[in-house]
Amino acid sequence: MILITGGAGFIGSNFTLDWLANPDAEGVVNLDKLTYAGNLANLASLKEDSRHIFVRGDIGDKELVASLLKEYQPRAIVNFAAESHVDRSIHGPAEFVATNIVGTFNLLECAREYWSGLDEAAKQAFRFHHVSTDEVYGSLSATDPAFTETNAYEPNSPYSASKAASDHLVRAWFHTYGFPVVTTNCSNNYGPYHFPEKLIPLVILNALNGKLLPIYGDGQQIRDWLYVGDHCSAIREVLAKGKLGETYNIGGWNEKANIDVVKTICSILDELKPRVDGKPYTEQITFVKDRPGHDRRYAIDARKVERELGWRPAEKFDTGIRKTVQWYLDNPVWIEGVVSGSYRDWLSKQYS
Ligand code: NAD
Ligand code: TYD
């Protein structure tokens, strides 16, 4: 077995589906708290698959995590569980400290104790893969080189600070205890099952619902977009071949300004699902108050993972974004399930 945490969220569910698409793959114990961001509908296709065991629970729950490790004896842990939304971390940072820092600490401690009791062969084979973000490196100017693995950590938001703290814990568990870890720091993901609080799915759904498309500040902030399927393949490579104690940057080589991302989505929708009045979706764009402390630019230098492990993303932004828009058009039932009362409450809190 492998233990996946946060496997009902956006990236974790894509990873679980991808992993189990291989008939020879090890089974998955999926530990997820099912916060507002966790959604079992993402995993509906695994309902009849006995290789997938879902457990609702918190990575910060010591008894639960210890008992799962004892019962299922996983060969690896892939830690996706986190509070992941920068805007929510500005409104309420406490959950970010609780899950991203204290939760990761608990997971590390439970895993270390379990690992210490394994026989030598199982100990050698064991991996703890921590999934992190490029946001720990802070913000780049337009001309700075992209982030490499040796950049200093300069997190600017409560979210990125909490992820940076978790990365430091993971690093320390390797250096101090010899605990077998690898960490990946990836750029902004996009693709199927993305919760519509984040830019790309929010814009697709707002456009289709005739709502405004909110762009923070001047819309010239740059993100490096990584198709979620590419991220999953990178994690599989690093889990299989990554060097213990190392970190690997994972990026899409797709730097785009927010305004250009939104315009691209509008033009794909103009083609696939034209507005009934025949006008372009760009008419719905509106510039709103900027995010406090908004990082200007993120860019990942992903040459290390290519050089050492032979991984490169397969998807270009133009192809990935088209697939993504098409997925949202094809999945109205999934959308219906996520736009609940609590989602509407968030929209009115953030955008009113
Ligand atoms: P997400 O918010 O969609 O999903 C997070 C999942 O974790 C949810 O299913 C939630 O229920 C679960 N969870 C939250 N707290 C938990 C807890 N205490 N115990 C167990 N489960 C808990 O996030 P995502 O976008 O899928 O991100 C996954 C990981 O990748 C996170 O660690 C995030 O920091 C990192 N990351 C994401 C992106 C991105 O663009 N989405 C980019 C870089 C890094
Ligand atoms: P987001 O998807 O929240 O990811 P992150 O903050 O982790 O990069 O935001 C991506 C970019 O889009 C970021 O620069 C903020 C911007 N943004 C908007 O302009 N409007 C919005 O409504 C949202 C949610 C984000």
Side-chain angles (χ1 to χ4, degrees), residues 4-16 30-40 42-43 55-61 64-65 78-90 95-96 98-100 102-104 106-107 130-136 139 156-157 159-160 162-163 166-167 184-191 193-203 206 212-226 228 231 235 250-252 256-259 261-262 285-291 293-298 300 338 346-347 350-351:
I4 291 177
T5 71
F10 164 47
I11 306 174
S13 62
N14 274 283
F15 183 81
T16 304
N30 188 342
L31 172 63
D32 195 297
K33 190 177 173 183
L34 294 182
T35 67
Y36 78 92
N39 185 358
L40 285 178
N42 301 5
L43 302 164
V55 179
R56 184 175 193 177
D58 193 324
I59 58 166
D61 181 339
L64 175 66
V65 174
V78 188
N79 183 28
F80 293 98
E83 289 293 333
S84 70
H85 188 31
V86 174
D87 293 322
R88 286 188 195 251
S89 81
I90 295 168
E95 279 300 311
F96 289 73
T99 285
N100 301 1
V102 184
T104 302
N106 182 63
L107 195 61
H130 181 60
V131 178
S132 192
T133 170
D134 58 359
E135 302 192 25
V136 297
S139 183
N156 292 319
S157 71
Y159 163 66
S160 55
S162 67
K163 291 297 289 186
S166 68
D167 293 7
T184 44
N185 294 85
C186 69
S187 57
N188 286 62
N189 284 223
Y190 69 105
Y193 303 112
H194 205 179
F195 189 74
E197 63 185 355
K198 307 279 170 70
L199 179 70
I200 287 180
L202 179 91
V203 163
N206 277 14
L212 294 171
L213 312 180
I215 298 196
Y216 299 163
D218 64 3
Q220 292 302 329
Q221 300 80 10
I222 291 175
R223 299 292 181 263
D224 174 358
W225 293 97
L226 171 65
V228 66
H231 187 198
I235 293 174
I250 315 293
K256 303 274 174 209
N258 292 338
I259 183 68
V261 169
V262 174
I285 289 176
T286 180
F287 290 87
V288 301
K289 193 162 135 284
D290 208 352
R291 171 188 281 173
H294 197 172
D295 285 339
R296 196 68 183 164
R297 174 175 166 243
Y298 304 139
I300 280 276
V338 295
W346 164 253
L347 292 187
Q350 173 70 359
Y351 298 101

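Counting convention: from 1, in listed order, for ligands and their atoms alike.
Annotation for ligand 1: atoms under 4.0 Å from non-hydrogen atoms of Asp58 are 17 (C), 18 (N), 19 (N). Residue contact check: Glu197 has heavy atoms under 4.0 Å from atoms 24 (C) of ligand 2. In summary, the atoms of ligand 1 found under 4.0 Å from a heavy atom of Ala81, numbered by their order in the structure, are 7 (O), 20 (C), 21 (N), 22 (C). Under a 4.0 Å criterion applied to the non-hydrogen atoms of Thr35, ligand 1 contributes the atoms 10 (C), 11 (O), 14 (C), 15 (N). Close approach to Ser187 involves these atoms of ligand 1, each under 4.0 Å from a residue heavy atom: 42 (C), 43 (C). Distances below 4.0 Å separate heavy atoms of Ile215 from the following atoms of ligand 2: 19 (O). Set against the non-hydrogen atoms of Asn188, the atoms of ligand 1 under 4.0 Å away are 40 (O). Interface atoms of ligand 2 facing His85, defined by a heavy-atom separation under 4.0 Å, are 3 (O). When each atom of ligand 1 is checked for a heavy atom of Val131 under 4.0 Å away, the hits are 30 (O), 32 (O). Residue contact check: Thr133 has heavy atoms under 4.0 Å from atoms 43 (C), 44 (C) of ligand 1. Atom numbering of ligand 1 starts at 1 in the shown order; those under 4.0 Å from a heavy atom of Phe80 are 28 (C), 29 (C), 31 (C), 32 (O).
No donor-acceptor pair under 3.5 Å is formed between the side chain of Ser187 and the backbone N or O of Gly251. Although no hydrogens or angles enter the test, the distance criterion places a donor-acceptor pair under 3.5 Å between the side chain of Ser139 and the main chain of Arg296. A donor-acceptor pair is defined here as one N or O able to donate and one able to accept, closer than 3.5 Å; such a pair exists between the side chain of Thr5 and the backbone of Ala81. Distance alone, capped at 3.5 Å, places no donor-acceptor pair between the Asn206 side chain and the Leu213 backbone.
Remark: the Tyr298 side chain and the Glu135 side chain contain an N/O donor-acceptor pair separated by less than 3.5 Å. Under 3.5 Å, the side chains of Thr104 and His130 contain no donor-acceptor pair of N or O atoms.
On a distance-only criterion, Asn39 and ligand 1 share no N/O pair closer than 3.5 Å. Between Asn189 and ligand 1, at least one pair of N/O atoms sits closer than 3.5 Å. Where the criterion is an N or O separation shorter than 3.5 Å, residue side chain and backbone included, Lys198 fails it with respect to ligand 1. At a 3.5 angstrom cut-off on N or O pairs, Asn79 does not count as close to ligand 1. Ligand 1 has an N or O atom lying under 3.5 Å from an N or O atom of Ser84, backbone or side chain. Residue Gly9 has at least one nitrogen or oxygen atom sitting less than 3.5 Å from a nitrogen or oxygen atom of ligand 1, judged on distance alone. Between Cys186 and ligand 1, no N or O atom pair is found at a separation short of 3.5 Å. Looking at ligand 1, you'll find an N or O of Ile59 within less than 3.5 Å of one of its N or O atoms. Distances between N or O atoms of Glu83 and those of ligand 1 include no value under 3.5 Å. No N or O atom of Asp134 sits closer than 3.5 Å to an N or O atom of ligand 1. Between Lys198 and ligand 2, not a single N/O pair is under 3.5 Å apart. Close N/O approach between Trp225 and ligand 2 is not found [any backbone or side-chain N/O within under 3.5 Å].
Remark: minimum distance from atom 22 (O) of ligand 2 to any protein heavy atom is reached at Tyr351 OH, 2.6 Å. At the shortest separation from atom 6 (O) of ligand 2 among protein heavy atoms lies Arg291 NH1, 2.6 Å. Regarding atom 15 (C) of ligand 2, its nearest protein heavy-atom neighbour is His294 NE2, 3.4 Å. In this structure, the protein non-hydrogen atom closest to atom 9 (O) of ligand 1 is Asp32 OD2, 2.6 Å. Here the heavy atom of the protein found nearest to atom 19 (O) of ligand 2 is Tyr216 N, 2.9 Å. Of all protein heavy atoms, the one closest to atom 41 (N) of ligand 1 is Ile11 CD1, 3.6 Å. When hydrogens are left out, the protein atom nearest atom 2 (O) of ligand 2 is Leu199 N, 2.9 Å; that is the closest non-hydrogen contact. Ranking the protein heavy atoms by distance from atom 3 (O) of ligand 1 puts Phe10 N, 3.0 Å first. Nearest protein neighbour of atom 20 (N) of ligand 2, counting heavy atoms only, is Pro214 O, 2.9 Å. Distance from atom 21 (N) of ligand 1 to its nearest protein heavy atom, with residue and atom name: Lys33 N, 3.1 Å.
Contact annotation for Tyr159 and ligand 1: only side-chain heavy atoms (C-beta onward) come within less than 4.0 Å of the ligand. When non-hydrogen atoms are compared, ligand 2 lies under 4.0 Å from the side chain of Leu202 (C-beta onward) but not from its backbone. Contact annotation for Asn258 and ligand 2: only side-chain heavy atoms (C-beta onward) come within less than 4.0 Å of the ligand. Here Leu34 has backbone heavy atoms under 4.0 Å from ligand 1, and that is the only part of it that gets that close. Only the side chain of Asn188 comes within 4.0 Å of ligand 2, judged by heavy-atom distances. Contacts with ligand 1 closer than 4.0 Å are made by side-chain heavy atoms of Lys163 only, the backbone lying farther away.
Not a single heavy atom of Tyr159 sits under 4.0 Å from any atom of ligand 2. The shortest separation from a heavy atom of Ser13 to ligand 1 is not under 4.0 Å, leaving the residue out of contact. Using a 4.0 angstrom heavy-atom cutoff, Glu135 counts as in contact with ligand 2. Heavy atoms of Ser132 come nearer than 4.0 angstrom to ligand 1 in at least one pair. Under a 4.0 angstrom heavy-atom cut-off, Gly60 registers as lying outside contact with ligand 1.
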- Task: Begin from the C-alpha positions of Asn189 and Asn14 and carry the test side-chain hydrogen bond (donor to acceptor under 3.5 Å, both in side chains) through to its verdict.
- Result: CA-CA 11 Å; Asn189 284 223; Asn14 274 283; over 6 Å; no
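Taking the six-membered ring where the residue is Trp, Phe80 and Phe15 present tilted rings, their angle falling between 30° and 60°.
Residues meeting the side-chain contact (heavy atoms from CB on, under 4.5 Å) test with Asp87, sequence neighbours left out: His85, Ile90, Tyr216, Arg291, Trp346, Gln350.
Annotation: side chain of Tyr193 is not in contact with side chain of Asn39 (no heavy-atom distance under 4.5 Å).
Within the cation-pi definition used here (under 6.0 Å to the ring centroid, within 45° of the axis), Arg223 does not qualify as a partner of Tyr190.
Contact check on Glu197 versus Arg88 returns a salt bridge, with a Lys/Arg side-chain nitrogen under 4.0 Å from an Asp/Glu carboxylate oxygen.
Leu212 approaches Pro214 most closely through the heavy-atom pair O-CD, 3.3 Å.
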